[in-house]
Participant: 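Dropping the structure in here first, questions after.
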Amino acid sequence: MASQSLNLAKALAARFPWTTNPFIVSAPMRGLSSAELAVAVSNAGGLGFIGPRPNPKDWTLVLDKVRDLATKARNTTSSGSQLARLPPDYALLPIGIGFQVWTDDLAAATATVQQHKPCVVWLFAPRNGQAELDEWSRALRDASPDTEIWIQIGTVAEAREIIASSSPPAVVVVQGAEAGGHGRATDGMALTTLLPEIAELFRKEEKSIPLLAAGGIVDGRGAAAALCLGASGVVMGTRFLNAVENNNVPAGYQQEIIRVQDAATSTTRTQLYNHLRGITTWPEQWSPRAIINRTFRDHQAGVPFDELKKLHDEAAKSGSNNYGPDGRLGAYVGAGVGLIHDIKNAEAIV
């Protein structure tokens with residue numbers, strides 16, 4: 001299995017000629033992944049992503065900015081610019097974009113991909129399983145045939161559905177229960193057991209699809225472990241929240257990431273902060289991991305939701321001042337948060 005994953009890793013890296021070994025991806029975090037971060041990650045030898053946009057019209061603004069930043073990086077004479085290695089005829093955006101299938105509009109997504117041609121589209125969280133993912137995959141491939149389709153899963157059952165799919169992805173992102181973003185609410189498993197079982201299943205079924213490991217990975221130790229488990233590369237979300245270039249993340253949020261230790265006692269999976277933001281329609285099988293603060297403790301103590309909502313909305317007006325143990329605002333993080341002690345630029349992280 002080790003030789004197969006190594007061969008898949010080499011083939012994967014060859015499809016993205018600016019990337020370096022190991023293959024490192026910044027997760028497409030909704031509302032938190034900035035254009036500056038995505039391009040900085042790719043320019044450092046990884047693959048940066050832009051997360052789903054609350055307003056479909058925002059895609060043009062952020063991807064136009066990505067194109068400008070990527071063009072400058074490609075034209076630089078700096079020895080540290082990995083994007084400068086791209087051949088002149090490389091026409092795709094050297095970053096990926098993510099869609100949450102349950103809430104995003106397929107027609108709008110197709111138009112975005114056709115216009116901007118990112119190198120990858122990452123699909124996640126369908127309401128109707130693999131059939132819906134297949135529908136999206138076919139439409140997006142028609143819109144931009146050279147754009148790869150990646151799918152994120154969190155269970156062995158979803159892996160079996162991909163094996164039976166009529167439109168399988170180019171890459172499967174395997175998200176363990178350690179993840180901070182929306183993961184499986186009740187049936188998720190730790191990456192150390194989930195990833196090897198899926199890798200073994202794909203091998204037995206002779207499916208040569210690279211697997212990327214996601215969930216709780218914040219440093220080289222976690223990356224090395226994931227590669228040993230059968231991954232061809234790794235995805236990091238929380239670590240890139242504390243990147244200098246990620247100007248979408250409030251300073252208070254970043255300081256919380258530095259402060260928090262022992263994710264087993266300082267974080268929890270809950271939809272509470274989604275609901276306080278007015279997001280109440282996430283499919284029930286997914287839930288995010290958040291830092292426990294005063295809002296969650298009050299919720300456990302029985303404070304009515306309407307009161308929590310009022311306090312939350314008041315706190316949101318002052319932003320960064322309302323993170324922390326006594327804060328009201330939600331901060332989503334992965335279980336590796338206790339290993340992050342600083343804010344670094346994307347190149348240093350990669």
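Quick note: numbers below take in every heavy atom, side chains included, and nothing from hydrogens, waters or symmetry partners.
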Participant: Do Lys344 and Asn242 have side chains that approach each other closer than 4.5 Å (heavy atoms only, starting at C-beta)?
Facilitator: no
Participant: Can you see whether Thr265 engages Asp262 through a side-chain donor-acceptor pair at a distance of less than 3.5 angstrom?
Facilitator: yes
Participant: Judged by modelled atom types alone, do Asn293 and Tyr273 share a side-chain donor-acceptor pair under 3.5 Å?
Facilitator: yes
Participant: State, to 0.1 Å, how close Phe49 and Ser33 come at their nearest heavy-atom pair, and which atoms those are.
Facilitator: O-CB, 3.4 Å
Participant: Return the set of residues passing side chain to side chain donor-acceptor pair (under 3.5 Å) with Asn43 (not counting sequence neighbours), or none when no residue passes.
Facilitator: Ser81
Participant: I need the single residue from Val173, Ile24, Ile217 that forms a side-chain contact (heavy atoms from CB on, under 4.5 Å) with Val235. Which is it?
Facilitator: Val173
Participant: Tell me whether Ser144 contacts the main-chain N or O of Arg141 through its side chain, where contact means a donor paired with an acceptor under 3.5 Å.
Facilitator: no
Participant: Taking the side chain as every heavy atom from C-beta outward, state whether Val121 and Glu148 have any pair of such atoms under 4.5 Å apart.
Facilitator: no
Participant: Name the orientation class of the two ring planes belonging to His299 and Phe296 (parallel below 30°, tilted from 30 to 60°, perpendicular beyond 60°).
Facilitator: tilted
Participant: So do Glu158 and Arg184 actually touch side chain to side chain, heavy atoms under 4.5 Å?
Facilitator: yes
Participant: Does either side chain, that of Thr103 or that of Gln100, offer a donor lying less than 3.5 Å from an acceptor on the other one?
Facilitator: no
Participant: For Leu227, what are the other residues in its hydrophobic cluster, where any two members join if their side-chain heavy atoms are less than 4.5 angstrom apart?
Facilitator: none
Participant: Return the set of residues passing side chain to side chain donor-acceptor pair (under 3.5 Å) with Arg85 (not counting sequence neighbours), or none when no residue passes.
Facilitator: Gln82
Participant: Between Thr267 and Arg289, do the side chains contain an N or O donor and an N or O acceptor separated by less than 3.5 Å?
Facilitator: yes
Participant: Taking side-chain contact (heavy atoms from CB on, under 4.5 Å) as the criterion, tell me which of Leu61, Thr60, Val66, Val62 meets it with Asp64.
Facilitator: Thr60
Participant: When you compare the side chain of Arg138 with that of Asp134, does any pair of heavy atoms fall below 4.5 Å?
Facilitator: yes
Participant: Are Phe23 and Val234 close enough, and set up right, to give a side-chain contact (heavy atoms from CB on, under 4.5 Å), and what steps lead you there?
Facilitator: CA-CA 6 Å; Phe23 193 83; Val234 299; over 6 Å; no
Participant: Which pairs pass side chain to side chain donor-acceptor pair (under 3.5 Å) with one or both residues in residues 210-224, sequence neighbours excluded?
Facilitator: Asp219-Arg221
Participant: With a 6.0 Å cut-off on the ring centroids, do Trp136 and Phe124 count as close?
Facilitator: no
Participant: Transitive ILVMFWY cluster of Val244 at side-chain heavy atoms under 4.5 Å: who else is in it?
Facilitator: Ile258, Ile343
Participant: Do Lys65 and Glu36 meet the salt-bridge criterion of a basic N to acidic O distance under 4.0 Å?
Facilitator: yes
Participant: I need the full list of side chain to side chain donor-acceptor pair (under 3.5 Å) pairs touching residues 173-182, with sequence neighbours left out, sorted by first then second residue.
Facilitator: Gln152-Gln175, His182-Asn274, His182-Trp282
